[in-house]
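Report on one structure; see the data block that follows.
The shown structure was predicted, so the numbers you read here are calculated from the model rather than taken from an experiment. Here is how names work: the chains are called A, B, and so on, in the same order as the sequence lines, proteins then strands, and each is numbered from 1.
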Amino acid sequence: MLRFILIILFAPLVSGFITRLKNNLRLRRGPSIFQPYYNLAKYFRKDEVVSQETSWIFRITPYLVFTATASAVFFTTSPGSLITLIFLFSFARFFLVLAGLDAASSFGGMGSSREMFISSFIEPVLFLSVAALWLSTNSMIASALAATALFLAALAETSRIPVDNQETHLELTMVHEAMLLEYSGRSLAILELAAQVKQLIFLMIIAGLIFNNLALLPVIAVLVALVELSLAKMRLFRVVDYIAFAGVLAVFSVVMSIVGAII
Amino acid sequence: MGWFLFDPLSLFFIVLILLISFPAFIYSLGYLKGHHTRFKNILTQLAMAAFVLSMILVVSVRQVFVFLIMWELMSLLSYFLILSDKDSPKSVEAGTIYLVMTHAGTAFLIMAFFLMYKVTGSFDFLVIKQALAGLPGHTKDMLFILLLIGFGTKAGIVPLHIWLPYAHPAAPSHISCLMSGVMIKTAIYGLLRFVFFMLGINALWWGGLVLGLAVVTCLVGVIYALIEQDIKTLLAYSSVENIGIILLGVGASMFLVKAGLPVLAVLALSAALYHLINHAVFKGLLFLGAGSIYRATGTRNIEKLGGLIKTMPWTALFFLIGAMAISALPPLNGFVSEWLTLVALFGGVLGLSSGFLKLFFCFCAAALALTGGLAAACFVKAFGIACLAKPRSQQAAAAKEVHWTMNFGAGFLALLTIALGLGAVWVFKLLAKIAGYTTGLDASAMNFSPGLFTLQPVGNISLSPVWLALLLLVIMGVVFILLNLVLGRSKVTTVPTWDCGYYKLTARNEYTATGFSKPFRLVLSFFLLPYQRSEKIKESFYHVKSFVYETNTKQVFNEYLYAPLVNFTFNLGRLAKNIQQGSVHIYLSYIFVALFLLLIFMGRF
């Protein structure tokens, strides 16, 4: 329970840290690492503007997305429970995508379509990595491969470059943001927090479950920032190659854990 | 010698048939109202009752010969029911394709049954079971292949699936619900009864073959469902996919029985049975929902729908529940059975000894995961485009909520969907017993659930749908109440959707179903073979009157497998015409030659 609250409290900090780091590496000063908290506080206080075309799905989605994402915290402890975690994330995604379609705007539909496109191909990668984690007990190389595959999947799932770009303001290139385009005020705050929690959960799985060392968390966050800085966003159809690469890594990690490579 | 066999396996299927028939019948009262003449309605109802009865008889008779008669009766009655909604020549075509395919399947079954009779000398299930035990391996292999093709045609295993996307949309919706929910499951019953129960698993490759076919069936089914715009065809393709998921469990179980892992084998088969009953429930629900939409709007094309959540709130809600269940969202029933199937496959990965087999099971699990992801995309599209946003046509805008009996039928199945998810432990315990009985393994000592609400099939992997549902409800409640207490109710202003300063958004600015699935169509173009065709219709050399633009995909199986087959058959027929000379003397000589050949044949064999 404590863990649950801590993760929700610290999730925005991780986002703030990555943003700050990216800006510093670009030789800018950048916002404070607490900026996500200020943003959330502001959104929470604001009124909501809702499209007249929407239905109750649009209103209920922020709560469902947050609930499903946050309850996934309870399923990060063993490789077996990760299966349930993946299903919970797809619960959250299902409603987010519906909300994207609900406002009758083409931007939302575009984001929804792309989100489903990317995530449905990511799904087998996640499961293969989980299988590798499950099988391997002491194989370093298998863990490393699984961690890389999961890392690549995590970049895609948390809408980072090279798959998506959180900083973009151009609707045509958005994936995750396009689905949130019609949201404002409190609903937007809840959805942003949910996205940050999801990001932290992914980082924790990589650090905690694969390397058994939560102290690695900042290192992985730094890696995320470095990847975001050094790559450009990919064209949507090249993302498939990216996912296929992650898939190959996952398959190799499974093979390695089956043969029991000791290295 | 008795006529009936009421063992756990048959009882399971009888309960399933009754469970789906009840809401389908209630639904049909509203669906048929004012649809045909009174006389034809009664006739349709009677045919439906006979159809249900024939399905019950299929799963409960104990004589091979009677089984065959009931099987044919079931096929023929469903053929007539497909034709009962005859508003287009398409349903005649659909019926014909169905009839041809189902009889091709039955031909293989007849071969299998005669072979069985030849080697055992009996038509009785239990006698055959006894007699088959001592049979040489290659005869069993032969029987297995014949049964797999025969029942596979009915179940819709790829590439024998082509009749489903024709037949299911053409039938009235409550019949589609029965056909897709229950009738194709009788083929699974056949496989379980004849292969698992009577034949016994003879070789490891049986399970491997079924697993391989299941993977292909899953993926092909879901890919076609994803790009489909006709809501009932989409559901039919999704049935193909779900049969694949069920067969994943069945195949894994066949494999694990032979590999000497009884607990996992029982688990895999229970997962398959669980998914079987779940699919019957949520696919029935979705077909009923699609039927309601069709009755209210007169179209099945989701590109012409939209906004139904406002005009038909109940239908949309039930359809949403069905879509959630089929996308395996926790804590609904589809999630539980997909979770169990995945765990059974992962259990196989852990338990099997050979590295190659481990990898094979891992690939099956990954394929299941990919199927799940694509299925979610498919049903997000179906629900999102059909029910949300603005109506895309006059008919959709004018839709009215349907007759209460139709909502009752769908609502009953929606409740069942939730109940089967939350009551997973009790359902699973029952299914484990049935699976144990079917495989001939002793399941009484196997313990899959440590607590009242928890499933723990393998090692330390556990799932508790009830606790999960509670967790979700509590978190959601706490968040909602906290926010409202601390910050007060959110003030909401309603405005038009953001339109970039464009004058006014219309339904034509919305994303379409074709657009939604376009990324998939492009990436999977190696399989779907999309093509575009454009044509200018000119009034004169200078003036283009209208422009035709068409984009579509090629049906690989129809084009490259069945079309050559049909051509071949026609050519054969043309050749056979040559021996029809019309002269009595030649026919007499044919008879003589045939007799001569038969005598030689009888003498030799």
(message) Does any backbone or side-chain atom of A:Phe74 lie under 4.5 Å from a heavy atom of chain B? Answer side chain, backbone, both or neither.
(response)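 For A:Phe74, side-chain heavy atoms alone lie under 4.5 Å from chain B.
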(request) Please look at A:Leu128 and chain B and tell me whether the side chain, the backbone, both or neither of the residue comes under 4.5 angstrom of a heavy atom of that chain. (result)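 Contact with chain B is through the side chain of A:Leu128 alone.
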Does any heavy atom of chain A fall under 4.5 Å from the side chain of [X], the backbone, both, or neither of them?
X: B:Leu483; value: both
X: B:Leu342; value: side chain
X: B:Leu463; value: side chain
X: B:Arg508; value: neither
X: B:Lys310; value: side chain
X: B:Ile461; value: side chain
X: B:Cys387; value: neither
X: B:Ala375; value: neither

Do you know which of [options] has the most heavy-atom pairs under 4.5 Å to chain B?
options: A:Phe127, A:Phe107, A:Phe87; answer: A:Phe87
options: A:Ser112, A:Ser119, A:Gly185; answer: A:Ser112
options: A:Asp102, A:Leu88, A:Ile190, A:Val49; answer: A:Asp102

Determine yes or no for a side-chain-to-main-chain donor-acceptor pair under 3.5 angstrom, with [X] supplying the side chain and [Y] the backbone.
X: A:Lys233; Y: A:Pro162; result: no
X: B:Lys381; Y: B:Leu226; result: yes
X: A:Ser113; Y: A:Gly109; result: no

(message) Check A:Lys198 with A:Glu157, please: is the shortest side-chain N to carboxylate O separation under 4.0 Å?
(response)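 Yes.
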(message) With a 4.5 Å cut-off on side-chain heavy atoms, are A:Val175 and A:Phe117 touching?
(response)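 The answer is no; the side chains never approach within 4.5 Å.
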(message) Is a donor from one side chain sitting under 3.5 angstrom from an acceptor on the other, for A:Ser187 and A:Glu48?
(response)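 There is such a pair (donor and acceptor under 3.5 Å, judged by atom type) between the side chains of A:Ser187 and A:Glu48.
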Near-ring test [Y]/[X], centroid separation under 6.0 angstrom:
X: B:Phe346; Y: A:Trp134; result: yes
X: A:Phe202; Y: A:Phe89; result: yes
X: A:Tyr183; Y: A:Phe58; result: yes

